[in-house]
Participant: 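Quick one: the structure is below, and I'll ask about it shortly.
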Amino acid sequence: MFRRRRQGEEPAENLELTDEQPEASEDSDAVEDAAPASGGKGPWDSEESFPELERIDFGAIQVPIGPGIEVQVNLEATEHDAEGNPMGGRMVAVTIVTGDSGLQVQAFAAPKRSGIWAEVRQETAGEIQEAGGQTQDGEGPFGDELHAMVPVQIPEEVMDQVPDEIREQGFAWQPVRFIGVDGPRWFLRGVVSGAAIEDEEQWQVLEDVFRNIVVVRGDQPMPPRELLELTLPAEAQEALAQQEAEEGEDDFNPFERGPEITEVR
């Protein structure tokens, strides 16, 4: 199934890097030494040989799909109506869902000379700690990871369903796992949440998806850390155009409803 993730849905709330301003104005094409590629294990660069799988094309990244996998898009509001409700938006991430687990994926520009994952990991840990969370370094199939416990506000509608001690403190702890891979002129980040933090079977599904993502960096010069452009697949664009025509342009709000494209397997 492919659908838009509505604003405010889990997973990976408040963990975006897309609001960061690039710290360097260095033209990434001006550096000559390439960062490490996949090493034959994935994720893959579009310029190298990679396994042929069925993938959804989101422009900068191509995401493999299969049984039990739902792919959602994350939107960032770019405009609001008179009441302050989000109206327009741009794609900032893709989230892969399986069972009770989610993997949010983003691809960023990076310099040829070196990767940025070590620096991003350190900065992310600092931001989480400043927000009252806890972090520790970890190791996984893609190398260095960041494991975190993030305080998450409890929605009012479920407040009466949580234990008294959690209700009194007003928030719950959400475990989150950050993974990252430095590729040639790009950096791919994944944020894992839900059951896959401890459930090996669900994690294996997300690991396989992440490993088989293809990153399309493009030739255009970009500052390090700039988000690579994501676009909707043609079939989703057609569904959105049809929905907009049926509802009327003035009433169309991508944050309220979105097209669903379901594959029967």
Side-chain angles (χ1 to χ4, degrees), residues 5-23 43 61 63 70 72-76 92-108 110 115-155 158-159 162-163 165-183 186-211 213 224-225 227:
R5 175 173 290 277
R6 299 188 179 106
Q7 190 181 48
E9 287 185 344
E10 295 293 343
E13 186 175 356
N14 298 326
L15 297 176
E16 300 292 340
L17 290 180
T18 53
D19 289 337
E20 286 189 10
Q21 296 298 321
E23 294 183 357
I61 60 175
V63 179
E70 178 181 327
Q72 306 171 348
V73 297
N74 301 94
L75 300 178
E76 177 184 72
V92 294
V94 174
T95 296
I96 298 93
V97 177
T98 182
D100 299 320
S101 306
L103 169 65
Q104 186 192 72
V105 178
Q106 293 177 298
F108 302 86
I116 62 175
W117 176 217
E119 185 177 341
V120 168
R121 193 170 66 250
Q122 182 178 8
E123 292 176 359
T124 303
E127 292 170 1
I128 293 174
Q129 293 167 11
E130 288 180 4
Q134 305 169 8
T135 66
Q136 67 177 23
D137 294 330
E139 188 76 16
F142 303 101
D144 293 329
E145 300 183 350
L146 177 66
H147 301 168
M149 295 292 289
V150 181
V152 178
Q153 186 174 2
I154 304 171
V158 300
M159 187 67 75
V162 301
E165 61 271 18
I166 297 179
R167 189 183 308 115
E168 291 175 1
Q169 71 183 11
F171 66 90
W173 290 105
Q174 177 185 1
V176 183
R177 179 179 174 185
F178 294 83
I179 58 180
V181 171
D182 288 308
W186 52 259
F187 163 63
L188 185 68
R189 189 193 70 165
V191 182
V192 182
S193 62
I197 298 293
E198 297 182 352
D199 188 312
E200 182 62 28
E201 183 177 352
Q202 293 192 33
W203 158 245
Q204 189 61 59
V205 174
L206 297 180
E207 178 188 338
D208 290 344
V209 170
F210 191 78
R211 185 178 302 281
I213 288 175
R225 298 190 182 216
L227 185 68

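Atoms considered below: every heavy atom in the structure, side chains included; atoms not considered: hydrogens, waters and symmetry mates.
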Participant: If you round to the nearest 0.5 Å, how far is CD of Gln129 from CD of Gln134?
Facilitator: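 Spacing of CD (Gln134) from CD (Gln129) equals 9.5 Å.
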Participant: Please say whether more than 12 non-hydrogen atoms of neighbouring residues, nucleotides or ligands are located less than 6.0 Å from CD in Gln122.
Facilitator: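 It does not: Gln122 CD has 12 such atoms or fewer within range.
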Participant: Minimum heavy-atom separation for Pro151 and Phe171, please, with both atom names.
Facilitator: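 So the two residues come closest at CB-CD1, 3.6 Å.
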Participant: So, taking the atom named OG1 in Thr98 and the one named CH2 in Trp203, what distance separates them when rounded to the nearest 0.5 Å?
Facilitator: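 With rounding to 0.5 Å, OG1 (Thr98) is 12.5 Å from CH2 (Trp203).
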Participant: What distance do Leu146 atom CG and Glu123 atom CD have between them, rounded to the nearest 0.5 Å?
Facilitator: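 If we round to the nearest 0.5 Å, Leu146:CG and Glu123:CD are 12.0 Å apart.
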Participant: Flag the pair Asp137 / Asp144 as yes when at least one side-chain heavy-atom distance between them is below 4.5 Å, and no otherwise.
Facilitator: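 In short, these two side chains do not touch, never coming nearer than 4.5 Å.
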Participant: To the closest 0.5 Å, what do you measure between CG (Leu206) and CD1 (Ile197)?
Facilitator: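 One finds 9.5 Å between CG of Leu206 and CD1 of Ile197.
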Participant: Do you know which two heavy atoms are closest between Ser101 and Ala196, and how far apart they sit?
Facilitator: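 Reported closest heavy-atom pair: OG-N, 2.7 Å.
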Participant: Pair Arg225, Val120 - check side chain to side chain contact (heavy atoms under 4.5 Å, CB included), show working.
Facilitator: CA-CA 9 Å; Arg225 298 190 182 216; Val120 168; 4.1 Å; yes
Participant: Could you tell me which non-hydrogen atom of Ile179 sits nearest to which non-hydrogen atom of Trp117, and how far apart they are?
Facilitator: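 Looks like C-CZ2, 3.8 Å.
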Participant: Between Phe108 and Leu227, is there a side-chain heavy-atom distance shorter than 4.5 Å?
Facilitator: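 Contact flag for Leu227/Phe108 side chains = yes.
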Participant: If you define the side chain from C-beta out and look only at heavy atoms, does anything of Pro141 sit under 4.5 Å from Arg211?
Facilitator: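 With C-beta onward as the side chain, the pair touches.
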Participant: Determine the minimum heavy-atom distance between Ala172 and Ile154, stating which atoms define it.
Facilitator: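 Answer, listing the atom of Ala172 first, then Ile154: N-CG1, 4.0 Å.
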Participant: Evaluate the side-chain proximity of Phe210 to Val181: yes if any heavy-atom separation is below 4.5 Å, no if none is.
Facilitator: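 SC-SC contact between Val181 and Phe210 confirmed.
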Participant: Does a side-chain heavy-atom distance below 4.5 Å link Phe178 with Ile128?
Facilitator: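 Phe178 vs Ile128: side chains touch.
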Participant: Do Ile61 and Leu188 make a side-chain contact, defined as non-hydrogen atoms from C-beta onward lying under 4.5 Å apart?
Facilitator: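 Touching, per the 4.5 Å side-chain cut-off.
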Participant: A side-chain contact here means heavy atoms from C-beta on lying under 4.5 Å apart; do Phe187 and Pro224 qualify?
Facilitator: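 Of all side-chain heavy-atom pairs linking Pro224 with Phe187, none is under 4.5 Å.
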Participant: For residues Gln104 and Arg189, determine if any side-chain heavy atom of one lies less than 4.5 Å from a side-chain heavy atom of the other.
Facilitator: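 Of all side-chain heavy-atom pairs linking Arg189 with Gln104, at least one is under 4.5 Å.
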Participant: Taking atom CD as the centre, does Glu198 end up with more than 12 heavy-atom neighbours from other residues, nucleotides or ligands that are less than 6.0 angstrom away?
Facilitator: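 Open.
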Participant: Where is the tightest heavy-atom contact between Ser193 and Gln174, given as atom of each residue plus distance?
Facilitator: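 Minimum heavy-atom contact is CB-NE2, 3.5 Å.
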Participant: Once rounded to the nearest 0.5 Å, what's the spacing between atom CD of Gln106 and atom OG1 of Thr95?
Facilitator: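 The CD atom of Gln106 sits 8.5 Å away from the OG1 atom of Thr95.
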Participant: As an exercise, state the distance from CG of Leu103 to CD of Gln202, rounded to the nearest 0.5 Å.
Facilitator: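 Here the rounded value is 12.5 Å.
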